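Notes follow once the structure below has been shown.
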Amino acid sequence: MAGCRGVLCCCCRWCCCCGERESRTPEELTILGETQEEDDEILPRKDYESLDYDRCINDPYLEVLESMDNKKGRRYEVVKWMMVFAIGVSTGLVGLFVDFFVQLFTQLKFRVVQTSVEECSKKGCLALSLLELLGFNLTFVFLASLLVLIEPVAAGSGIPEIKCYLNGVKVPGIVRLRTLACKVLGVLFSVAGGLFVGKEGPMIHSGAVVGAGLPQFQSISLRKIQFNFPYFRSDRDKRDFVSAGAAAGVAAAFGAPIGGTLFSLEEGSSFWNQGLTWKVLFCSMSATFTLNFFRSGIQFGSWGSFQLPGLLNFGEFKCSDSDKKCHLWTAVDLGFFIVMGVIGGLLGATFNCLNKRLAKYRMRNVHPKPKLVRVLESLLVSLMTTVVVFVASMILGECRQISSASQSGNDSFQPQVTSEDVNASIKTFFCPNETYNDMATLFFNPQESAILQLFHQDGTFSPITLALFFVLYFLLSCWTYGMSVPSGLFVPSLLCGAAFGRLVANVLKSYIGLGHIYSGTFALIGAAAFLGGVVRMTISLTVILIESTNEITYGLPIMITLMVAKWTGDFFNKGIYDIHVGLRGVPLLEWETEVEMDKLRASDIMEPNLTYVYPHTRIQSLVSILRTTVHHAFPVVTENRGNEKEFMKGNQLISNNIKFKKSSILTRAGEQRKRSQSMKSYPSSELRNMCDEHIATEEPSEKEDLLQQMLERRYTPYPNLYPDQSPSEDWTMEERFRPLTFHGLILRSQLVTLLVRGVCYSESQSSASQPRLSYAEMAEDYPRYPDIHDLDLTLLNPRMIVDVTPYMNPSPFTVSPNTHVSQVFNLFRTMGLRHLPVVNAVGEIVGIITRHNLTYEFLQGRLRQHYQTI
């Protein structure tokens, strides 16, 4: 078979099927990881790798354990704590850098534009003011788009990608140093450019990159800078540091170290323990206080005062002393909060639905085109946003009376938010003295200042202004999120929801007559409702908002609102981050499977068609396997050729026992025959191997390169069976899928390392003469091992033999074919596995389970097959 793309026409001994791609069943598309045209759903792709969180207990690792004592163990633990502290401090400094330059550029822009507006409102040259604002915004957004062209993975908030990484999926380029540079510089230009994006979301991504790169002491972007640092050379350690870095990013963004720890636990990491909890919390505390120390010293000149805990500070919520009827919230208000949670969930579901459709449109019509089109889209969004902000402030705003509280200082603010800051954030554009433009106050301020205005400003905002602001901000932020600039979603969602909550408070006060209502509380609950309806976070978001407000009494209403918003939104679609994960086709594993999935067993979802190696394998076979497959691990097996028939003669007891064993033990051949007859899994990899055209090969001459001859036999199924003989077309299913005794797993990276370093022995020698590699030598090339296709292996004798047993993992996690799917899923996810062999009762491997066999779409396809066979 030349291929199975476009028009399918596959013929072999067992079957002959022809059809168009559109005629494939959902099960076939699930197995292939392709797109189903009917409902335009994107199924998980198979080109994503998983992380190796499980330790490989091979001989080099055992040598390290033998040399380990309590003193070395304590030193290793001390170094890990030092790295965690360094990650937290570095993340805090990254946040300080972003905040400083965002404030610098934003203040410069608003100062110039505000002066121009005040002058031109008298002279009638407002078009010039608009051009100045456009000049600033388009320049900043253009720079942000260029940085994304350098590193495309820097676009967006980065939270979906980090969530995938912590879930165990290796997303290419997500934790590189170049990604960090483009992310940090890009987000400050995006925010300064007036786009409706936040810098808090990208801080989580930035912290994760710092956590991944700092303990490695090397970078592919800076190849010449390398240190001999022997620690943390595994996916297990790297993933723990990424968890700490992501939590530190949340802590630096919101001043919420406990919320950051819970975010890393709730949204990402599938493996967690008490020791990791302490390290992540310590890292979050380090980031929070580092940022707080420097921001307080720079802004107030009071070093060591710790007055600004995070990039986003909500201020202190407190009723005015003169208003005796005011309460932050009462039991009666909980009913309104629940209704606001329902509305927030509906609004969030609408936001996610619109953004998903927009993202699909970008995938079909923008991303396939030249990269310049993405830059033009970003400039178009910036142009529209700038024009809407300017025109809405000039035409749609109302002139409101400045309250006496604002003039004399607002008591509801914390000491670090002074009356001068409040008055400075009030915009009087196009309004007479003693009045301010409520729309311009929201639009012509940094988003954090606008949130503070909605939370704490005693001056009223017109209900019409709040409604128009909400609609405009909702649509423009939905359009902005997902385009090719670094962008966060937390702050735009909070600002949009705060406007919604303030609108509800105004309506209840003005039209229903509830005078006890505190508008700031309703603005906060509205912000929580909308943000919860968009991102669908519960535990961590509750704690983040409580820490940001510094008001523990808000715990109950925030928690209830977030739960109601999540339940309402989940009825219609997923959270925004899960939607973008699905659009990328990442095989993300949820917390648990559905109840009905327990109707399936491991034998129903495993892959019985295996590519395996023997404990002692020739180099030509290893190279052929590595170059003709894309698998990342290979079972190490020996063939099981028992002479049961001779034992069965003349002894009925033994005969019955052997018959029972054969009837109760699942075999690869039996499973393959069942699947081939039902054709339910077509076109999976085993049938493609069977349908491959057999290319006859001649016996190579002595003068020819045996290795090159072996590599040219790309269509030979299982070249490792017999290096000089291909499987016969007359073989039965049992001969093709013969019983294999399982001895362990060996990774592709380990095999490549053995070949690169020439670890082999000749046929005339003993395997003891094979060179031995240490653990440090095996992990030297981590995390980017050489590609087998880029290596020149012509100097190796293809007839040499490699003993892989010292380097394989002889005791990986395994499951029985009868294990229920929920048990398989929990084992795979909680232990952070990459491959899970399925071994029967007599130690024979009958299949293997990977992440792709446990995705929701794959399990649904297998469940439909199960119902059809009942």
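Everything numeric here is computed off the predicted structure, so don't read it as measured data. Computed from heavy atoms alone, side chains included, the values below leave out hydrogens, waters and symmetry copies.
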*asked:* Test your reading of the model: is there a side-chain donor-acceptor pair from K72 to the backbone of S67, 3.5 Å cut-off?
replied: yes
*Taking only residues two or more places apart in sequence, or in another chain, which ones meet R757 in a salt bridge (charged side-chain N to carboxylate O under 4.0 Å, His left out)?*
E780
_I'd like to know if the side chain of N826 and the backbone of S822 have a donor-acceptor N/O pair within less than 3.5 Å._
yes
*Passes ring pair (Phe, Tyr, Trp, His ring centres under 6.0 Å), F254 versus F490? Steps please.*
CA-CA 10 Å; F254 298 98; F490 272 93; 5.3 Å; yes
_So does Y807 get a backbone contact from the side chain of N58, meaning a donor-acceptor N/O pair under 3.5 Å?_
yes
Return a table of donor-acceptor pairs under 3.5 angstrom between the side chains of residues 149-160 and protein atoms on other chains or two or more places apart.
{"from": "E151", "atom 1": "OE1", "to": "R178", "atom 2": "NE", "distance (Å)": "3.1"}
{"from": "E151", "atom 1": "OE1", "to": "R178", "atom 2": "NH2", "distance (Å)": "3.3"}
{"from": "S157", "atom 1": "OG", "to": "I159", "atom 2": "N", "distance (Å)": "3.3"}
{"from": "S157", "atom 1": "OG", "to": "Y481", "atom 2": "OH", "distance (Å)": "3.3"}

*Exam field: side chain R236 to backbone R55, donor-acceptor pair closer than 3.5 Å*: no
*Quick one: ring-ring contact (aromatic ring centres under 6.0 Å, His included) partners of F289, sequence neighbours excluded?*
F306
*Atom NE2 of H632 and atom NZ of K170: how far apart are they, to the nearest 0.5 Å?*
8.0 Å
*Of all residues at least two apart in sequence or in a different chain, which pass the salt bridge (charged side-chain N to carboxylate O under 4.0 Å, His left out) check with R851?*
none
*asked:* Closer than 3.5 angstrom, by distance alone: can the side chain of Q103 be matched with the main-chain N or O of F100 as a donor-acceptor pair?
replied: no
_Going by ring-ring contact (aromatic ring centres under 6.0 Å, His included), name the residues that satisfy it together with W81, two or more places apart in sequence or in a different chain._
F282
*May I ask you to decide if the ring planes of F105 and F101 are parallel, tilted or perpendicular, using 30° and 60° as cut-offs?*
tilted
*Side chains of M831 and F813: does their closest heavy-atom pair fall under 4.5 Å?*
yes
_Going by side chain to side chain contact (heavy atoms under 4.5 Å, CB included), name the residues that satisfy it together with P806, two or more places apart in sequence or in a different chain._
D59, R772, D803
*What are the two closest heavy atoms between G173 and T179, and how far apart are they?*
O-OG1, 2.6 Å
*Output the distance between atom OH (Y856) and atom CD (E590), rounded to the nearest 0.5 Å.*
10.0 Å
*Quick one: are L755 and I788 in side-chain contact, heavy atoms under 4.5 Å?*
yes
*Start with the C-alpha gap between K279 and F241, add the side-chain angles, then the distance that decides, and say whether side chain to side chain contact (heavy atoms under 4.5 Å, CB included) holds.*
CA-CA 9 Å; K279 293 181 179 67; F241 287 128; over 6 Å; no
*Can you tell me how far CD1 of I558 sits from OG1 of T549, rounded to the nearest 0.5 angstrom?*
5.0 Å
*Do the side chains of L276 and V84 get nearer than 4.5 Å, heavy atoms only?*
no
*About how many Å separate CD1 of I174 and SG of C164, when rounded to the nearest 0.5 Å?*
8.5 Å
*asked:* I'd like to know if the side chain of S190 reaches the main chain of A144, judged simply by a donor and an acceptor atom lying under 3.5 Å from each other, with no hydrogens or angles considered.
replied: no
*Rounded to the nearest 0.5 Å, what's the gap from CG on L588 to OH on Y577? Could you check?*
14.5 Å
*Taking S264 for the side chain and S243 for the main chain, is one N or O donor matched with an acceptor at less than 3.5 Å?*
yes
_Pair N853-T850, side-chain donor/acceptor within less than 3.5 Å_ = yes
*Identify the heavy atoms of P60 and M778 that sit nearest to each other, and give their distance.*
CG-CG, 4.4 Å
*Inspect the surroundings of CD in E63 and state if more than 12 heavy atoms from other residues, nucleotides or ligands are less than 6.0 Å away.*
yes
_As an exercise, state the distance from CD1 of I849 to CZ of F828, rounded to the nearest 0.5 Å._
8.5 Å
*Do R829 side-chain atoms and L589 backbone N/O form a donor-acceptor pair below 3.5 Å?*
yes
